[in-house]
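Below is one structure, written out as structure tokens, with a few remarks after it.
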Amino acid sequence: MSCSTTLLGIALDCNNTGGIREVYISPCDDVTSVTLTADKISAIAMADAKKFHKYSFRRGTSAMTKTATRDDAAGTSFVTSEVSMKFARMDSAKRVEMQNLLDGNTYVIVLDNNGEYWFLGYNSYCGATAAGGESGTAMGDANQYTITLTAETNEFPYIVDETAITTIIA
């Protein structure tokens, strides 16, 4: 049996910057629909007065990864997308937010350093798969919380049209 596909090639891109700038997170229940048009998310509808909330971190401390897994023997494939964030200085308010992220199912929008918005959790959701806090040992060590949110989906994350973002972020 043949599984055919159409290949078009990938051109060299000379303008590329690593890293992520911002992360926006919403509980799944606050998102009423996500519209996919021409391989891009063109609209995100929210329940009344609900918004995605911004999670801020220091430059160079957080990352997004996307890993495809294919098993020919089982006939399966899926993509694991992760966003890992580090938040400086442990405190009570961050402890509560970390617990809420750990307990809930979310959708995540990541703004990378190339100016692209990525939607994690389409046709699924993101859940916390790792979290922790550390005081550090020496005065120069980080005092921080870390959390990793993970989605397992059928395809790589979609880019979100910037016009779909402006009205849904707090």
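Computed over heavy atoms, backbone and side chain alike; hydrogens, waters and symmetry mates excluded.
- Residues E152 and F78 come closest through the heavy atom pair OE2-CE1, 4.0 Å.
- In this structure the side chain of I169 never reaches within 4.5 angstrom of the side chain of K51, judged on heavy atoms.
- In this structure the side chain of M85 reaches within 4.5 angstrom of the side chain of V23, judged on heavy atoms.
- The 12-atom threshold is not exceeded at NZ of K86, counting heavy atoms of other residues, nucleotides or ligands nearer than 6.0 Å.
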Original post:
When you look at L101 and D103, which way does the side chain to side chain contact (heavy atoms under 4.5 Å, CB included) test go after all the steps?
Top reply: CA-CA 6 Å; L101 286 169; D103 291 343; over 6 Å; no

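- Between V160 and I44, the closest side-chain pair of non-hydrogen atoms falls below 4.5 Å.
- Note on K50 versus D48: no salt bridge recorded, every NZ/NE/NH1/NH2 to OD/OE distance being 4.0 Å or above.
- Residues R58 and A88 share a closest heavy-atom pair of NE-CB, 4.0 Å.
- For the atom pair OG1 of T17 and CG of N114, the computed distance is 5.0 Å after rounding to the nearest 0.5 Å.
- Following chains of ILVMFWY side-chain contacts shorter than 4.5 Å, one cannot reach Y125 starting from V31, and the two form parts of different hydrophobic clusters.
- The 12-atom threshold is exceeded at CD of E116, counting heavy atoms of other residues, nucleotides or ligands nearer than 6.0 Å.
- Rounding to the nearest 0.5 Å places CG of L149 at 9.5 Å from CD of E82.
- One hydrophobic cluster, built from ILVMFWY side chains closer than 4.5 Å, holds both I25 and M64.
- The two residues G132 and M98 have their closest heavy-atom pair at O-CE, 4.2 Å.
- Checking side-chain atoms of D112 against main-chain N and O of I20 turns up no donor-acceptor pair under 3.5 Å.
- At least one side-chain heavy atom of K54 sits less than 4.5 Å from a side-chain heavy atom of E22.
- Of all heavy-atom pairs spanning V108 and C126, the tightest one is CG2-SG, 3.8 Å.
- I159 and Y107 end up in different hydrophobic clusters when Ile, Leu, Val, Met, Phe, Trp and Tyr side chains are linked at under 4.5 Å.
- Contact annotation: the side chain of Y158 never approaches that of K40 to less than 4.5 Å [non-hydrogen atoms, C-beta and beyond].
- Annotation: the span from L111 atom CG to Y24 atom OH amounts to 6.5 Å, rounded to 0.5 Å.
- Considering every non-hydrogen atom in both D91 and K94, the closest pair reads OD1-N, 2.8 Å.
- A donor-acceptor contact shorter than 3.5 Å is absent between the side chain of D30 and the backbone of S26.
- Distance CZ/F156 to OG1/T80: 10.0 Å, rounded to 0.5 Å.
- From E155, atom CD reaches atom OG of S77 across 9.0 Å, with rounding to the nearest 0.5 Å.
- Clustering ILVMFWY residues whenever any of their side-chain heavy atoms sit less than 4.5 angstrom apart, transitively, puts I165 in the very cluster that holds L36.
- Under a hydrophobic-cluster definition in which Ile, Leu, Val, Met, Phe, Trp and Tyr are linked whenever side-chain heavy atoms come within less than 4.5 Å, directly or via other members, Y145 and I147 are assigned to the same cluster.
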**OP:** Decide yes or no on side chain to side chain contact (heavy atoms under 4.5 Å, CB included) for W118 and I109, but give the supporting numbers first.
**Re:** CA-CA 5 Å; W118 299 91; I109 297 172; over 6 Å; no

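- Classified by interplanar angle (parallel below 30°, tilted 30° to 60°, perpendicular above 60°), the ring pair F119/F52 is perpendicular.
- Side chains of Q144 and E134 form a contact here, defined as non-hydrogen atoms less than 4.5 Å apart.
- Summarising the geometry of P157 relative to S81, their closest heavy-atom pair is CG-OG, 3.1 Å, with the distance given to 0.1 Å.
- Judged purely by distance below 3.5 Å, without hydrogens or angles, the side chains of Y55 and E97 pair a donor atom with an acceptor atom.
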